[in-house]
Q: 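This is the structure I want to talk about, given as structure tokens.
First listed ligand is number 1; within each ligand, the first listed atom is number 1.
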Amino acid sequence: MSKKYNIAVIPGDGIGPEITTAAVEVLEAAASRQGIEIFIKELKAGGAAIDSFGIPLPQETIESARNSDAVLLGAVGGPKWDDVEPEIRPEKALLGLRSGLGLYANIRPVVVYDELKDASPLKNPGNIDFVIVRELTGGIYFGKNGGYQSGDHLPDGTVKGKVVFDTESYSEGEINRILKIAFDLAMKRRKKLTLVDKANVLVTSRMWRSLASQMSFDYPEVEFDCLYIDNAAMQLISRPSSFDVIVTSNLFGDILSDEAGQIAGSIGMLPSASIGAPGTPGLFEPIHGSAPDIAGQNKSNPMGSILSAAMMMRIMFGEEQVASDIENAVKKTLEKGLRTSDITFIGEENNFTLVGTKEITEAIIANL
Ligand code: IPM
Ligand code: MG
């Protein structure tokens, strides 16, 4: 009997539909070679759902996602929905899926392919191969927020007026479970873990630091250190190849992973996995956004999405062969000089062939 996986696909907005279409084509081709069947159920979220249902995350989407084996997501958002009420912004769909599916661990691997080293703005990027483990369902993204009118004045006499606030809050349980994911991942890799925080200022960070230091005793083989976020932003540029696993809070992880995307040459190359409790569906998506400026023009780089499908096969289903087949096909396609416009660079025009989303997808399938 052949194996079957039920995948919920949420194309979303902007370039989302074209990159998820590409990822599904590659996934089906790679899986069928191993006798695996992929069943796709397409669901709406983000701006697409606002247009159809007036809300970014319909109940049917969250229910179907929950009943699937895994979720593949494109991207959500775009200028079309910039003026909707904050409560129904497209981004709410992503946050709702993350919290609704309990996806507390966001795994964002950052590698620089040899072929793309010149696309990195760093002079000597070296062998960059690290993973950002970002807490995804807590912190300031989900803390108490709001606003009120104040009659007070600032010390210099300025009228305060409206006061608004977001709050960062973390429980020991939330911190420990993500730390454990990070330590376990470090054990499978080069056994180095860096906690990124702001323990010189924030109470929450000080708890992260003390819990991580405590846990490090259970992992004597893991070389554990801590960096303040401002310093980490700098070290990531000055010595990117020395990092192995980085663990951090929701907001810091969001910022550092975009910086990492730039180091890697293009954010269009980077996949991610968001996972929750064992046995529940994870969500796999590229770390880039919906790029509305190039949507529908056959210009987007589908590799972040394709590599996310590979992560899904490995992490959710243990299908190592399918995952590595996809990753090798991507590498081979780059080796052959095929590039989407985001990973081309000046001075190298004679060494690559500029192609569109469809062409690079066909090449990846042919290279499987
Ligand atoms: C990301 C994105 C999201 C985030 C946005 C779209 C809400 O930037 O996945 O990194 O901030 O988490
Ligand atoms: Mg982000």
Q: We want to know whether N106 and E135 form a side-chain donor-acceptor pair, criterion being a heavy-atom distance below 3.5 angstrom.
A: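 Per modelled atom types, N106 and E135 side chains form no pair under 3.5 Å.
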Q: Any N or O of R134 that comes nearer than 3.5 Å to an N or O of ligand 1?
A: yes
Q: Among all protein non-hydrogen atoms, which one is nearest to atom 1 (C) of ligand 1, and what is the separation to 0.1 Å?
A: R108 NH2, 3.4 Å
Q: What protein heavy atom sits nearest atom 11 (O) of ligand 1, and how far away is it?
A: Y141 OH, 2.5 Å
Q: Compute both the distance and the angle, then confirm whether R239 meets the cation-pi test with F243: under 6.0 Å from the six-membered ring centre, within 45 degrees of the axis.
A: yes
Q: Taking the minimum heavy-atom distance to atom 9 (O) of ligand 1, which of K92, E91, R98 ranks first?
A: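 Comparing heavy atoms across K92, E91, R98, the nearest one to atom 9 (O) of ligand 1 lies in R98.
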Q: When the ring centroid of F317 is compared with that of Y5, is the distance short of 6.0 Å?
A: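 Yes, the ring centres sit under 6.0 Å apart.
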Q: Check whether any side-chain heavy atom of K336 lies under 4.5 Å from a side-chain heavy atom of N367, and answer yes or no.
A: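 They are in contact (side-chain heavy atoms under 4.5 Å apart), so the answer is yes.
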Q: Is there a side-chain contact between I237 and E259 (heavy atoms, below 4.5 Å)?
A: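 Yes, at least one pair of side-chain atoms sits under 4.5 Å.
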Q: Quick check: of its N, O or S atoms, which one does D254 have closest to the Mg ion (ligand 2)?
A: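 It is OD1 of D254.
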Q: Can you find a non-hydrogen atom of H288 under 4.0 Å from ligand 1?
A: no
Q: Closer than 4.0 angstrom: is that true for some heavy atom of E285 and an atom of ligand 1?
A: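 No, that is not the case, since the closest heavy atom of the residue is not under 4.0 Å from the ligand.
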Q: For the 3.5 Å polar cut-off, considering only N or O atoms, please tell me whether D254 and ligand 1 meet it.
A: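 It does: an N or O of D254 is found under 3.5 Å from an N or O of ligand 1.
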Q: Could you tell me whether K188 and D184 make a salt bridge, using a distance below 4.0 angstrom between a side-chain N and a carboxylate O?
A: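 No, this pair does not count.
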